[in-house]
There are 2 protein chains.
Amino acid sequence: MQQPRAQEPTEAADPAWNREAWLLEPDSVQRALDVLVPRSAGQVVREAFYGTRRFDDFRRHTGLTPGVLSARLRDLTGQGILTKVAYHDTGSRGRHEYRLTDKGRDLAAAIISLLNWADRWLPTPGGPTVVLTHHGCGAAIRTEIRCAHDHPVDSLGDIQAAPGPGASLRD
Amino acid sequence: MQQPRAQEPTEAADPAWNREAWLLEPDSVQRALDVLVPRSAGQVVREAFYGTRRFDDFRRHTGLTPGVLSARLRDLTGQGILTKVAYHDTGSRGRHEYRLTDKGRDLAAAIISLLNWADRWLPTPGGPTVVLTHHGCGAAIRTEIRCAHDHPVDSLGDIQAAPGPGASLRD
DNA sequence: GTTCTGGGTATGGTTCACGGTACTCAGCCG
DNA sequence: CGGCTGAGTACCGTGAACCATACCCAGAAC
């Protein structure tokens with residue numbers, strides 16, 4: 001993204017983007033991040049992507065205590081990230097499980113980006129614990145930054161950040 | 001991603017991915033998320049992407065108190081996301097500013113994915129406050145999930161999640 | 001009717017994040 | 001010399017997040 005006060009010769013200051021002049025709240029990055037914060041919320045969403053659906057499975061996989069997990073599942077269903085679906089295993093009473101909604105599933109690009117980033121920049125001795133591949137072709141899954149015209153974006157300098165309709169002038 | 005206990009006809013249970021059998025810690029998604037948690041860390045990283053570099057600017061843009069901001073900047077430089085660079089404005093003493101490192105800049109795909117997600121699913125009355133476009137072509141910036149062979153990935157069902165080398169069998 | 005299981009609620013305590021405010025410290029400026 | 005500015009540090013209070021543990025409740029199984 002274009003940065004003001006640029007000092008590298010390859011970057012140029014953009015008069016339309018004077019960060020000081022604009023109030024950028026509510027910020028979309030922050031609002032999205034608030035879905036995955038606190039830590040326990042991120043853990044629950046991650047597990048949902050790994051296929052976990054039931055209370056006790058969430059509890060064992062995340063290590064959260066019942067109280068915290070219960071609160072988090074309530075929050076996330078309240079936000080429409082998860083939804084409660086009834087099921088009935090034969091030989092036990094009817095219960096319900098938590099599944100990702102379309103809204104939740106659409107976090108995939110963010111989750112995958114984070115997973116790729118950690119695999120690259122925070123490697124662990126044993127290697128990654130989860131590997132994502134393209135079903136059928138078997139190649140690794142990754143995310144790519146592109147524009148709506150499908151041009152690839154290789155550097156932050158190719159991205160123009162500008163105040164949108166929701167931005168207001170400071171003071 | 002493939003999910004066990006799948007009930008939709010389009011999903012199929014994958015015997016290689018029995019979530020119950022595997023211990024997936026340390027989890028890459030969680031480790032990446034921990035860089036952006038607590039909330040104040042996410043705010044600082046977001047501002048860094050918006051071009052903020054100096055202590056007082058971070059303080060005003062994020063609303064964080066000096067103590068919290070100071071701690072967060074120390075954490076993030078310690079993790080190699082930001083780096084301190086000396087500068088010297090004429091007429092004032094030499095100081096230093098905080099810039100994104102390559103490691104920090106590589107969070108771009110995650111940040112952009114989150115921004116796009118919030119713009120789609122958590123719209124605000126006034127519209128987005130920040131709009132990203134492709135410099136030159138002007139089209140909107142977005143992220144895309146692809147495989148290493150460049151096949152597009154349109155649904156989670158196209159993604160195969162499998163335990164990696166770092167995973168261990170439970171008990 | 002007692003037990004088992006899944007899915008929670010209730011209570012209590014600790015740590016951490018954060019806000020508010022005051023203070024410091026170094027150098028340039030007048 | 002005293003004041004101003006940018007960049008912090010120090011201290012204190014509050015609330016949120018989290019953990020541990022105990023308990024509860026419905027229905028099926030025995």
Side-chain angles (χ1 to χ4, degrees), chain A residues 4-5 19-20 25 27 30 33-48 51-79 82-99, chain B residues 4-5 19-20 25 27 30 33-48 51-79 82-99:
Chain A
R5 257 198 316 268
R19 178 67 185 88
E20 298 311 307
E25 264 153 70
D27 180 74
Q30 202 58 46
L33 223 32
D34 283 349
V35 169
L36 305 175
V37 172
R39 234 183 95 82
S40 51
Q43 295 182 80
V44 169
V45 170
R46 164 194 47 130
E47 271 307 316
T52 301
R53 292 181 173 179
R54 300 184 181 184
F55 191 92
D56 219 52
D57 294 336
F58 278 112
R59 201 183 50 68
R60 282 180 304 108
H61 297 332
T62 61
L64 294 170
T65 56
V68 173
L69 175 57
S70 176
R72 228 41 64 207
L73 289 170
R74 206 175 319 124
D75 292 352
L76 289 166
T77 54
Q79 289 176 97
L82 298 177
T83 184
K84 280 168 107 159
V85 177
Y87 73 92
H88 196 112
D89 281 3
T90 54
S92 67
R93 70 187 246 248
R95 298 175 184 279
H96 52 267
E97 54 186 17
Y98 298 88
R99 295 202 206 170
Chain B
R5 258 198 314 270
R19 179 67 185 88
E20 299 311 309
E25 267 157 68
D27 179 73
Q30 202 58 47
L33 223 32
D34 284 348
V35 169
L36 305 175
V37 172
R39 232 182 96 82
S40 52
Q43 295 182 80
V44 169
V45 170
R46 165 196 46 135
E47 271 309 314
T52 301
R53 291 180 173 179
R54 299 182 182 185
F55 191 92
D56 220 51
D57 295 336
F58 277 113
R59 199 182 50 68
R60 282 179 304 108
H61 297 332
T62 61
L64 294 170
T65 55
V68 173
L69 175 58
S70 175
R72 228 44 63 205
L73 289 170
R74 206 175 319 123
D75 292 351
L76 288 166
T77 54
Q79 290 176 96
L82 298 177
T83 184
K84 280 169 107 159
V85 177
Y87 73 93
H88 196 112
D89 281 2
T90 55
S92 67
R93 70 185 246 250
R95 298 175 184 281
H96 53 266
E97 54 186 17
Y98 299 89
R99 295 202 206 170

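In what follows, every heavy atom counts, from backbone to side chain, and hydrogens, waters and symmetry copies are set aside. Please read all numbers here as calculations on a predicted model, not as lab measurements. First the proteins, then the strands, lettered A, B, ... as listed; each starts at 1.
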Backbone of A:Gln30 reached by a side-chain donor or acceptor of A:Asp27 within 3.5 Å =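 Between the backbone of A:Gln30 and the side chain of A:Asp27 there is a qualifying donor-acceptor contact (under 3.5 Å).
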[N] [atom2] sits how many Å from [X] [atom1], rounded?
| X | N | atom1 | atom2 | value |
| --- | --- | --- | --- | --- |
| B:Glu20 | C:dG6 | CD | P | 11 Å |
| A:Glu97 | C:dG7 | CD | C1' | 13 Å |
| A:Arg53 | C:dG7 | CZ | P | 13 Å |
| B:Leu64 | C:dG19 | CG | C1' | 10 Å |
| A:Asp89 | C:dC4 | CG | C1' | 15 Å |
| A:Asp57 | C:dG8 | CG | C1' | 14 Å |

Residues in salt bridge (Lys or Arg N to Asp or Glu O under 4.0 Å) contact with B:Arg60, at least two apart in sequence or another chain = A:Glu20, B:Asp57
Which residues satisfy the salt bridge (Lys or Arg N to Asp or Glu O under 4.0 Å) test with A:Arg74, sequence neighbours excluded?
-> none
With a 4.0 Å heavy-atom cut-off, tell me which residues in residues 65-78 of chain B come close to DNA chain D, sorted by residue number.
->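 The stretch gives B:Pro66, B:Ser70, B:Arg74 as the residues lying under 4.0 Å from the strand, ordered by number.
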Does C:dG7 have OP1 or OP2 sitting under 4.0 Å from an N or O in the side chain of A:Tyr87?
->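 It does, given that an N or O in the side chain of A:Tyr87 lies less than 4.0 Å from OP1 or OP2 of C:dG7.
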Which part of the nucleic acid, if any, lies within reach of A:Tyr98 when heavy atoms closer than 4.0 Å are counted: base, sugar-phosphate only, or nothing?
-> sugar-phosphate
Check every strand shown and say whether B:Arg59 touches a base, only sugar-phosphate, or nothing at a heavy-atom separation below 4.0 Å.
->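 Touches nothing.
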Between atom [atom1] of [X] and atom [atom2] of [Y], what is the distance when rounded to the nearest 0.5 Å?
| X | Y | atom1 | atom2 | result |
| --- | --- | --- | --- | --- |
| A:Arg53 | A:Phe58 | CZ | CZ | 9.5 Å |
| B:Arg54 | B:Arg99 | CZ | CZ | 9.5 Å |
| B:Leu82 | B:Tyr98 | CG | OH | 9.0 Å |

On DNA chain D, reading 5' to 3', which nucleotide is the first and which the last to sit with an atom under 4.0 Å from a heavy atom of chain B, could you check?
-> D:dT5 to D:dT9
Taking side chain to side chain contact (heavy atoms under 4.5 Å, CB included) as the test, write out the residues that go with A:Arg95, two or more places apart.
-> A:Tyr87, A:Arg93
For B:Gln79, all residues meeting side chain to side chain contact (heavy atoms under 4.5 Å, CB included), sequence neighbours excluded =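 Per chain and number, B:Gln79 pairs via side chain to side chain contact (heavy atoms under 4.5 Å, CB included) with B:Val35, B:Asp75, B:Leu76, B:Ile81.
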Starting at the 5' end of DNA chain D and moving along, which residue's nearest nucleotide shows up first, A:Ser40 or A:His88?
-> A:Ser40
Counting only pairs under 3.5 Å, give me each side-chain donor-acceptor contact of residues 39-47 of chain B, with atom names and distances, residues two or more places apart or in other chains.
from    : atom 1 : to      : atom 2 : distance (Å)
B:Arg39 : NH1    : A:Asp34 : OD1    : 2.7
B:Arg39 : NH1    : A:Asp34 : OD2    : 2.6
B:Ser40 : OG     : B:Arg72 : NE     : 3.0
B:Glu47 : OE1    : A:Arg19 : NE     : 3.1
B:Glu47 : OE1    : A:Arg19 : NH2    : 3.4
B:Glu47 : OE1    : B:Thr52 : OG1    : 2.7
B:Glu47 : OE2    : A:Arg19 : NH2    : 2.5

Between the protein and nucleotides 24-27 of chain C, list the N/O to N/O atom pairs that are separated by less than 3.5 angstrom.
from   : atom 1 : to      : atom 2 : distance (Å)
C:dA26 : N3     : B:Arg93 : NH1    : 3.2

